[in-house]
Novice: 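A single structure is presented below for examination.
When reading the values below, keep in mind they use all heavy atoms of this one structure, side chains included, and skip hydrogens, waters and symmetry mates. By convention in this document, chain letters (A, B, ...) are assigned in the order of the sequence lines, proteins followed by strands, and residues within each chain are numbered from 1.
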There are 2 protein chains.
Amino acid sequence: MSEAAHWLDDAEMESWLALIGVVMRLPSALDGQLRGDADLNYFEYVVLAALEHAEEQTMRMSDLAFVCHGSLSRLSHVARRLEGEGLIERYACPSDGRSTLATLTDGGRERLATAAPGHVKLVRQLIFDELDREEMRELGALSKRLLARIQA
Amino acid sequence: MSEAAHWLDDAEMESWLALIGVVMRLPSALDGQLRGDADLNYFEYVVLAALEHAEEQTMRMSDLAFVCHGSLSRLSHVARRLEGEGLIERYACPSDGRSTLATLTDGGRERLATAAPGHVKLVRQLIFDELDREEMRELGALSKRLLARIQA
DNA sequence: TCCGAGTTCTTGAAGGTTCAATAAATACTA
DNA sequence: TAGTATTTATTGAACCTTCAAGAACTCGGA
């Protein structure tokens with residue numbers, strides 16, 4: 001295969017720059033709103049939200065890290081902070097001594113309730129107000145395929 | 001407007017989770033390759049790449065920060081590191097005493113050349129190998145519109 | 001059963017980013 | 001043109017994430 005085949009052509013570069021722009025800027029936009037409304041960053045918010053939707057509002061740390069798209073180490077540090085603020089609790093898993101279970105507290109639910117309306121409003125404003133129904137589905141379908149590659 | 005209108009429906013949530021998954025995971029995938037191949041993180045790579053494509057391989061710090069999607073403070077810290085490694089140089093702007101100009105050195109060009117093949121290969125692998133030509137353009141067009149909102 | 005390999009989680013240190021304060025220059029305005 | 005506001009960039013501290021090491025446990029084969 002020729003060397004040139006490895007580089008991006010103009011159309012690919014244009015698409016890439018737009019995508020990576022979203023990737024680079026979206027997190028700080030989300031962090032800003034959450035910090036202001038509920039003194040959380042996006043990752044902390046996602047951890048609380050994931051627990052809220054889980055069975056018994058409880059998850060294993062490693063599963064939680066995966067669905068939140070973060071490393072276990074990152075989650076462990078964040079969990080210590082969240083536990084210190086009384087937003088979650090951790091306890092040993094009865095069925096597997098290696099695992100730790102994290103669960104949402106009432107305080108965590110309240111904090112989530114404080115953060116959520118502004119967060120959803122911002123997501124709508126930045127993403128879904130811009131797209132019609134078909135475009136929204138298309139973006140989701142493409143993202144899902146890319147995510148599968150990135151996770152692999 | 002009813003309260004419910006503020007929340008995301010199932011299809012929106014599915015799309016959002018896929019998009020944010022890409023946003024959360026893509027940077028660490030890119031960082032990994034760049035760290036291994038050239039001891040750079042993605043932001044450092046972007047700074048060097050932006051300079052390479054600029055007139056005279058030189059840009060004002062604040063313009064550089066904007067095109068790299070980072071804060072000026074972040075860029076300033078990174079520029080100190082890159083300058084320390086001899087990859088860029090900074091000097092006062094002759095026409096506006098407030099501004100600093102950053103320029104790529106030979107060392108910076110070399111480092112970029114070390115990093116680029118693997119980086120492009122990974123981007124192709126993660127993004128463009130998954131999409132046909134039409135999907136690639138569609139993703140770019142949608143991303144561009146979202147980016148415009150996020151930057152506003 | 002025992003031992004080695006693998007899994008799960010935490011921790012401290014190193015490295016990177018954000019935030020707030022500051023300095024220095026330019027632009028505006030009365 | 002003097003004074004004020006704005007723009008541009010840097011800095012150090014606080015905060016967060018990554019990295020590497022280690023502890024505790026489970027699994028599987030000899």
Novice: Look only at the side chain of B:Thr114 and the backbone of B:Glu110, and say whether a donor-acceptor pair between them is shorter than 3.5 Å.
Specialist: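 Pair found, side chain donor or acceptor close to backbone of B:Glu110.
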
Novice: Using only atom types and a distance under 3.5 Å, with no angle test, would you say the side chain of A:Arg111 pairs donor to acceptor with the backbone of A:Leu87?
Specialist: no

Novice: So, does B:Glu83 use its side chain to make a donor-acceptor pair with the main chain of B:Arg90 at under 3.5 Å?
Specialist: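 Between the backbone of B:Arg90 and the side chain of B:Glu83 there is a qualifying donor-acceptor contact (under 3.5 Å).
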
Novice: Which residues in residues 60-75 of chain B have a heavy atom closer than 4.0 Å to any atom of DNA chain C?
Specialist: B:Ser71, B:Ser73, B:Arg74

Novice: Can you pull the ring pair (Phe, Tyr, Trp, His ring centres under 6.0 Å) pairs that have at least one residue in residues 90-131 of chain A, sequence neighbours excluded?
Specialist: A:Tyr42-A:His119, A:Tyr45-A:His119

Novice: Can you check the A:Arg80 CZ to C:dT10 P distance for me, whole Å?
Specialist: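 These atoms are roughly 10 Å apart.
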
Novice: Do any of residues 21-40 of chain A sit with a heavy atom less than 4.0 Å from DNA chain C, and if so which?
Specialist: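 Listed by number, there are none.
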
Novice: Within residues 82-103 of chain B, find the residues that approach DNA chain D with a heavy atom at under 4.0 Å, and present them sorted by residue number.
Specialist: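 Those residues are B:Arg90, B:Arg98, B:Ser99, B:Thr100.
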
Novice: Keeping to residues at least two apart or across chains, list the side chain to side chain donor-acceptor pair (under 3.5 Å) pairs with something in residues 14-24 of chain A.
Specialist: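 Found A:Glu14-B:Lys144.
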
Novice: List the steps, then state whether side chain to side chain contact (heavy atoms under 4.5 Å, CB included) holds for B:Glu12 with A:Arg133.
Specialist: CA-CA 9 Å; B:Glu12 286 170 333; A:Arg133 203 72 190 165; 3.8 Å; yes

Novice: Give a yes or no on whether a donor-acceptor pair under 3.5 Å exists between the nucleobase atoms of C:dG12, that is its base, and the side chain of A:His77.
Specialist: yes

Novice: Measure from the side-chain N and O atoms of A:Arg124 to the backbone N and O of A:Asp129, and report whether any donor-acceptor pair falls under 3.5 Å.
Specialist: no

Novice: Determine yes or no for a side-chain-to-main-chain donor-acceptor pair under 3.5 angstrom, with A:Arg149 supplying the side chain and B:Ile127 the backbone.
Specialist: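 No, because the side chain of A:Arg149 does not come within donor-acceptor range (under 3.5 Å) of the backbone of B:Ile127.
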
Novice: Which side chain to side chain donor-acceptor pair (under 3.5 Å) pairs, counting each pair once, include a residue from residues 65-75 of chain A, with sequence neighbours left out?
Specialist: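 For residues 65-75 of chain A, and leaving out neighbouring residues, the side chain to side chain donor-acceptor pair (under 3.5 Å) pairs sorted by first residue read A:His69-B:Arg25.
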
Novice: Taking OH from B:Tyr42 and P from C:dT17, how many angstroms apart are they, rounded to a whole number?
Specialist: 13 Å

Novice: Answer yes or no: is there a donor N or O on one side and an acceptor on the other, between the side chain of A:Thr105 and the main chain of A:Gly86, under 3.5 Å?
Specialist: yes

